[in-house]
There are 2 protein chains.
Amino acid sequence: MAQKNRLKYILLGLLKKQRQTGYDLAKSFDSDIGEFWTANHSQIYPLLKRMEADHLIAHEAITVGQKLQKKQYYMTSAGQQTFNAWLKSPSDLTGSHDEFILKLFFIDDPKSELLRPMITMQQQYHDEKLHHLEQQFQEKFPNQKRIDQDFGHSLVLRHAIDRERGYSNWLAEMVKTIKTE
Amino acid sequence: MAQKNRLKYILLGLLKKQRQTGYDLAKSFDSDIGEFWTANHSQIYPLLKRMEADHLIAHEAITVGQKLQKKQYYMTSAGQQTFNAWLKSPSDLTGSHDEFILKLFFIDDPKSELLRPMITMQQQYHDEKLHHLEQQFQEKFPNQKRIDQDFGHSLVLRHAIDRERGYSNWLAEMVKTIKTE
DNA sequence: CAAGTCATGTAAAAAGTTACATGATTGA
DNA sequence: TCAATCATGTAACTTTTTACATGACTTG
């Protein structure tokens with residue numbers, strides 16, 4: 001597999017919230033989910049067909065006006081199960097397509113018992129990553145001379161560190177929020 | 001094109017720093033550049049061939065020990081030009097593969113006159129994005145009830161806002177750094 | 001001398017982008 | 001009525017991943 005077909009899970013997650021057409025799903029990538037993932041209708045339509053063939057979703061044909069045929073897609077129970085299994089599976093974030101964020105997006109209940117273990121795993125990952133990055137910075141840029149020699153690299157590494165710090169803080173905030181819920 | 005072949009520019013940028021083999025280039029994606037982009041050797045080797053056919057790079061065969069053949073790749077002047085043109089071209093960041101960061105990585109001179117205009121463009125983009133996201137949050141989550149109804153979405157949106165704020169701060173810091181240089 | 005790393009490749013498949021194509025409905 | 005938007009699809013191509021494949025060098 002080229003990737004783990006995250007788009008499939010995104011579509012399932014969106015359909016879980018409400019039954020909708022391929023067109024509606026495609027629009028979601030211009031706003032909401034668009035902050036974290038992109039997809040075009042030309043990728044969505046064929047995938048919906050495949051998912052229907054796999055019995056993860058089904059559709060109801062609706063006629064609008066005189067002729068316009070819409071396909072209102074909805075999740076099957078198999079789709080539900082597949083989606084739930086994905087939520088529980090370990091998240092990877094190769095290529096900066098952060099799968100954890102993706103999963104989080106679909107957990108609408110603040111009391112979900114999935115949240116805490118997911119966050120804990122993520123905290124561990126990001127703490128380690130932050131530590132690793134800080135070490136890298138120390139090694140590669142111990143003084144101003146090195147920074148001036150490879151300025152862009154130092155900026156980018158600093159950005160990565162900032163990003164991880166921000167990520168960690170955000171996770172810590174999250175823990176507080178669900179604690180008081 | 002499926003994307004704008006950013007990997008090509010990454011390889012050029014890495015070769016600009018020093019001539020090296022495909023194997024060496026592949027290793028870079030385990031550390032350095034690995035924070036921002038991933039690539040496997042199976043993608044790198046064929047691309048190097050294509051780039052050589054396009055005269056962007058060339059190689060020198062080196063024999064190590066008795067038989068081992070290495071291909072030491074290096075940039076041609078055409079490659080230089082292509083790379084420089086890329087640095088000056090507008091950056092897009094669809095799919096969270098942030099091209100600006102990628103470009104920055106390759107600007108090793110803190111006095112480069114490319115930096116300021118690039119940063120300015122980026123600041124504008126991220127300020128607008130931040131504003132847009134904050135508005136989104138206000139619209140979608142005006143009260144706690146809405147947050148509880150769509151908890152994950154709210155967290156993820158908050159994360160996006162944090163991320164943009166972090167990005168903006170980082171850009172502002174950068175401006176200060178290059179100012180005093 | 002064996003394990004780990006260095007070194008280079010190809011093949012098959014999945015994922016994603018861009019372009020091509022068509023037609024209906026809605027609101028100004 | 002005309003432009004914008006709704007709605008669905010296919011084709012061609014590029015990018016990316018995973019797996020297959022081979023062999024040399026280095027260090028303990």
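Each chain gets a letter, A, B and so on, in the order the sequences are listed, and its residues count up from 1.
Checking the phosphate oxygens (OP1, OP2) of C/dT17, a side-chain nitrogen or oxygen of A/Asn40 falls inside 4.0 Å. An OP1 or OP2 oxygen of D/dT15 is reached within less than 4.0 angstrom by a side-chain nitrogen or oxygen of B/Arg50. OP1 or OP2 of C/dT17 lies within a sub-4.0 Å distance of a side-chain N or O belonging to A/Thr38. For B/Gln43 and D/dT16, the shortest distance from a side-chain N or O to OP1 or OP2 is below 4.0 Å. Regarding contacts with the backbone of C/dA14, every side-chain N or O of A/Asn5 stays at 4.0 angstrom or more from both OP1 and OP2. At the phosphate of D/dG9, OP1 or OP2 sits under 4.0 Å from a side-chain N or O atom of A/Lys71.
Separating the CG atom of A/Leu7 from the P atom of D/dT16 is a distance of 17 Å, rounded to the nearest angstrom.
Looking at A/Thr21, its side chain has no donor and acceptor atom pair within 3.5 Å of the base of D/dT8.
Minimum atom distance to the side chain of B/Tyr45 is reached by C/dT8, of the listed C/dT8, D/dA24, C/dA11. Proximity note for A/Lys70 (side chain, C-beta onward) versus D/dT16, C/dG9, D/dA7: the nearest is D/dA7. With C/dC6, D/dC6, D/dA19 as the candidates, the nucleotide lying closest to the side chain of B/Ser42 is D/dA19.
Residue contacts shown for A/Lys8 are absent, as no nucleic acid heavy atom lies under 4.0 Å away.
No single ILVMFWY cluster, assembled from side-chain heavy atoms under 4.5 Å apart, contains both B/Ile57 and B/Tyr45.
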